[in-house]
Amino acid sequence: MIVQFGSARIELVLGDITVQQVDAIANAANAQLAGGGGVDGAIHLAAGPKIMEELQRRYPDGCPTGSAVVTSGGNLPSRYVFHAVGPIWQGGGKKESGLLEAAYQACLSLAEKHTCRTLAFPSISTGVYRYPVDLAAEVALRTVAVKLETSDQLDLVRFVLFDQGTFGSYARVLETMLV
Ligand code: AR6
């Protein structure tokens, strides 16, 4: 599914973010930048040890929730990885939506700073961090769409969704944004 926003596109695909041929991919990291399971584990496995070395050297204090840091792509096809830290879902009353929005915004800002034309996101926070997928999809897609309306830098933002249920949630939300 592809939708035009301003001069750029939002694309939804079912798949694995580690094989995407884009300038940068986002990672769903933790505040310690310590690696882990889920998409974080898959990215470190595919990228090789270089990006963990880079994280430890450049960001020894980690990265606060709602922010992101950049490394090279190691052995990945992409030039950069933006390690974003989404919130752990605690029922919705702990500023989770604002923190999730800020995590996406941090990646979009890094994409502009590093002159990326194409960027891929996973569904940040909806795995181990248990953010409800329908709610997360709204935050993710709205934040990206608003940015694309005013940014000339990005041509394509691709959401790479790992399972059919997550893909369906993002597709439903994106359809509601068409009118
Ligand atoms: N490509 C795209 N999406 C993927 C992939 C992949 N290869 N693998 C999993 N997903 P999660 P979080 C999906 O748990 O909720 C880690 O341990 C997955 O199915 O990876 O932000 C970190 O170190 C789900 O839809 O991230 C943190 O400690 C989505 O990616 C913590 O988990 C996000 O799930 C972060 O939790």
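Counting convention: from 1, in listed order, for ligands and their atoms alike. Remember, it's a predicted structure, so these values are computed and weren't measured experimentally. Just the heavy atoms: all of them, side chains too, but no hydrogens, waters or symmetry mates, feed the values below.
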* Structure fact -> Rounded to the nearest 0.5 Å, the CG atom of Asp134 sits from the OG1 atom of Thr166 at a distance of 9.5 Å
* Structure fact -> For Gly35, the ligand 1 atoms with a heavy-atom partner under 4.0 Å come out as 23 (O)
* Touching ligand 1 at all, Ala34? Heavy atoms, strictly under 4.0 Å? -> no
* Asked: Between Asn30 and ligand 1, does any nitrogen or oxygen pair lie at a separation below 3.5 Å?
  -> yes
* Among all protein heavy atoms, pick the one closest to atom 24 (C) of ligand 1 and tell me residue, atom and distance. => Thr126 OG1, 4.0 Å
* In ligand 1, which numbered atoms sit nearer than 4.0 Å to a non-hydrogen atom of Gly37? -> 16 (C), 17 (O)
* Asked: Going by distance only, is there an N or O of Val128 that falls short of 3.5 Å from an N or O of ligand 1?
  -> yes
* Answer yes or no: does an N/O atom from Thr18 fall short of 3.5 Å to an N/O atom of ligand 1? => no
* Asked: Identify the closest protein heavy atom to atom 1 (N) of ligand 1: which residue and atom is it, and at what distance?
  -> Ile17 N, 3.0 Å
* Look at atom 15 (O) of ligand 1 and find which of Gly127, Pro122, Ala136 reaches it with the closest heavy atom. => Gly127
* For the side chain of Thr118 and the backbone of Asp23, is there at least one donor-acceptor N/O pair under 3.5 Å apart? -> yes
* Given the rule that I, L, V, M, F, W and Y join up when any side-chain heavy atoms are under 4.5 Å apart, are Val160 and Val81 in one cluster? -> yes
* With atoms numbered from 1 as shown, which atoms in ligand 1 lie under 4.0 angstrom from a non-hydrogen atom of Ala28? -> 21 (O), 22 (C), 26 (O), 35 (C)
* Structure fact -> Of all protein heavy atoms, the one nearest atom 3 (N) of ligand 1 is Phe162 CB, 3.5 Å
* Structure fact -> Taking only non-hydrogen atoms of Asp16 and a 4.0 Å limit, the atoms of ligand 1 in range are 1 (N), 6 (C), 7 (N)
* Asked: Closest non-hydrogen protein atom to atom 21 (O) of ligand 1, residue and atom name please, with distance?
  -> Ser125 N, 2.8 Å
* **Contact (N/O only, under 3.5 Å) between Tyr129 and ligand 1** => yes
* With Gln153 as reference, evaluate Arg117, His114, Lys113 under the side chain to side chain contact (heavy atoms under 4.5 Å, CB included) test and give the passing residue. => Arg117
* What about Phe167 and Leu135, same hydrophobic cluster or not, with Ile/Leu/Val/Met/Phe/Trp/Tyr joined at side-chain heavy-atom distances under 4.5 Å? -> yes
* Provide the number and element of each atom of ligand 1 under 4.0 Å from a heavy atom of Ala42. => 7 (N)
* Are Val144 and Val3 in one and the same hydrophobic cluster, where Ile, Leu, Val, Met, Phe, Trp and Tyr link if side-chain heavy atoms are under 4.5 Å apart? -> yes
* Asked: Short list, please: which atoms of ligand 1 are under 4.0 Å from a heavy atom of Gly36?
  -> 17 (O), 23 (O)
* Pairs where residues 136-150 contributes a residue and the test side chain to side chain donor-acceptor pair (under 3.5 Å) is met, not counting sequence neighbours -> Glu112-Lys147
* Asked: With Ser72, which residues qualify under side chain to side chain donor-acceptor pair (under 3.5 Å), at least two apart?
  -> Lys50, Glu54
* Structure fact -> Taken to the nearest 0.5 Å, the spacing of Tyr59 OH from Thr71 OG1 works out to 7.5 Å
* Asked: Between Glu101 (side chain) and Ser97 (backbone), is there a donor-acceptor pair under 3.5 Å?
  -> no
* Structure fact -> Heavy-atom proximity to atom 9 (C) of ligand 1 ranks first, among Ile25, Leu14, Leu33, Val39, for Val39
* Asked: Within less than 4.0 angstrom of ligand 1, does Ser123 place any heavy atom?
  -> yes
* Asked: Any link between Val139 and Leu178 through a network of hydrophobic side chains (Ile, Leu, Val, Met, Phe, Trp, Tyr) touching at under 4.5 Å?
  -> yes
* To do: Grab the two heavy atoms, one from Leu161 and one from Ser123, that are nearest each other, plus how far apart they are.
  => CD2-CB, 3.9 Å
* Are Leu110 and Val69 connected, step by step, through hydrophobic side chains (Ile, Leu, Val, Met, Phe, Trp, Tyr) whose heavy atoms are closer than 4.5 Å? -> yes
* Option set Asn27, Ile124, Asp40, criterion heavy-atom distance to atom 23 (O) of ligand 1, minimum -> Asp40
* Structure fact -> Numbered in order shown, the ligand 1 atoms found under 4.0 Å of a heavy atom of Val160 are 2 (C), 3 (N)
* Proximal ligand 1 atoms for Gly38, defined as those under 4.0 Å from one of its heavy atoms -> 8 (N), 9 (C), 20 (O)
